[in-house]
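Quick caveat: nothing in here was measured; it's all calculated off a predicted structure.
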Amino acid sequence: VLQEIARPSRQAKEGKSASEIRKALVGQRHPMRLNGVLRGLADLKRFRLVRAIQCVSDGRSKLYLLTTMGRRIDEELKR
């Protein structure tokens with residue numbers, strides 16, 4: 001989930017929604033359901049690796065962004 005947030009979004013917006021993350025993970029070898037993505041996002045928020053912002057277009061959904069520490073961990077995982 002952390003690495004999927006770090007990938008560039010198809011849309012020109014900042015951050016990714018939980019459903020966008022889940023849809024991107026469906027094509028991989030181990031697809032996740034939305035509940036698993038939400039649980040992973042909650043854990044990442046608790047460890048302060050991601051933060052949530054309100055979506056400007058509809059105001060109901062959240063977009064998730066990496067924090068500075070989350071970006072550092074993503075860079076280490078890419079090595």
Side-chain angles (χ1 to χ4, degrees):
V1 173
L2 179 82
Q3 289 179 316
E4 184 54 44
I5 297 172
R7 287 191 184 103
S9 180
R10 292 180 186 157
Q11 301 164 348
K13 63 182 179 183
E14 186 178 350
K16 290 187 177 182
S17 66
S19 61
E20 187 179 351
I21 295 167
R22 185 198 63 82
K23 288 175 186 176
L25 293 173
V26 167
Q28 296 184 4
R29 290 183 354 182
H30 303 290
M32 295 181 73
R33 295 184 182 212
L34 186 58
N35 192 32
V37 172
L38 292 172
R39 191 176 311 129
L41 287 169
D43 288 342
L44 292 172
K45 277 177 58 177
R46 188 174 39 154
F47 293 122
R48 296 187 176 147
L49 300 176
V50 299
R51 63 186 176 97
I53 59 171
Q54 288 295 115
C55 182
V56 177
S57 62
D58 65 3
R60 295 181 309 174
S61 60
K62 294 179 183 175
L63 297 178
Y64 294 91
L65 304 162
L66 289 179
T67 61
T68 305
M69 184 61 73
R71 277 191 228 101
R72 286 183 193 162
I73 290 177
D74 178 56
E75 290 299 319
E76 288 296 319
L77 290 172
K78 287 180 182 176
R79 290 184 182 186

query: Taking it one step at a time, do K62 and I53 satisfy side chain to side chain contact (heavy atoms under 4.5 Å, CB included)?
result: CA-CA 5 Å; K62 294 179 183 175; I53 59 171; over 6 Å; no

- request: Calculate, to the nearest 0.5 Å, the distance between atoms CG and CD belonging to L25 and E20 respectively.
  value: 11.0 Å

message: Would you compute the distance between atom CD of E4 and atom CG of L41 and round it to the nearest 0.5 angstrom?
response: 11.0 Å

- request: Return yes if some donor-acceptor pair links the side-chain N/O of K16 with the main-chain N/O of R7 below 3.5 Å, else return no.
  value: yes

Residue from I5, L66, L49, L65 passing side chain to side chain contact (heavy atoms under 4.5 Å, CB included) with R71: L66

Residue pair I21 / V1: nearest heavy atoms and the distance that separates them: CG2-CG1, 4.2 Å

field: Closest non-hydrogen atom pair, L38 against A18
entry: CD2-CB, 3.7 Å

message: Once salt bridge (Lys or Arg N to Asp or Glu O under 4.0 Å) is applied, do any residues pair with E76, and if so which ones, sequence neighbours excluded?
response: R79

- prompt: Under 4.0 Å between a Lys/Arg side-chain N and an Asp/Glu carboxylate O for D74 and K78?
  reply: yes

- request: Taking side chain to side chain contact (heavy atoms under 4.5 Å, CB included) as the test, write out the residues that go with K23, two or more places apart.
  value: none

query: For T67, what residues pass the side chain to side chain contact (heavy atoms under 4.5 Å, CB included) criterion, not counting sequence neighbours?
result: R51, M69

- request: Flag the pair L63 / E14 as yes when at least one side-chain heavy-atom distance between them is below 4.5 Å, and no otherwise.
  value: no

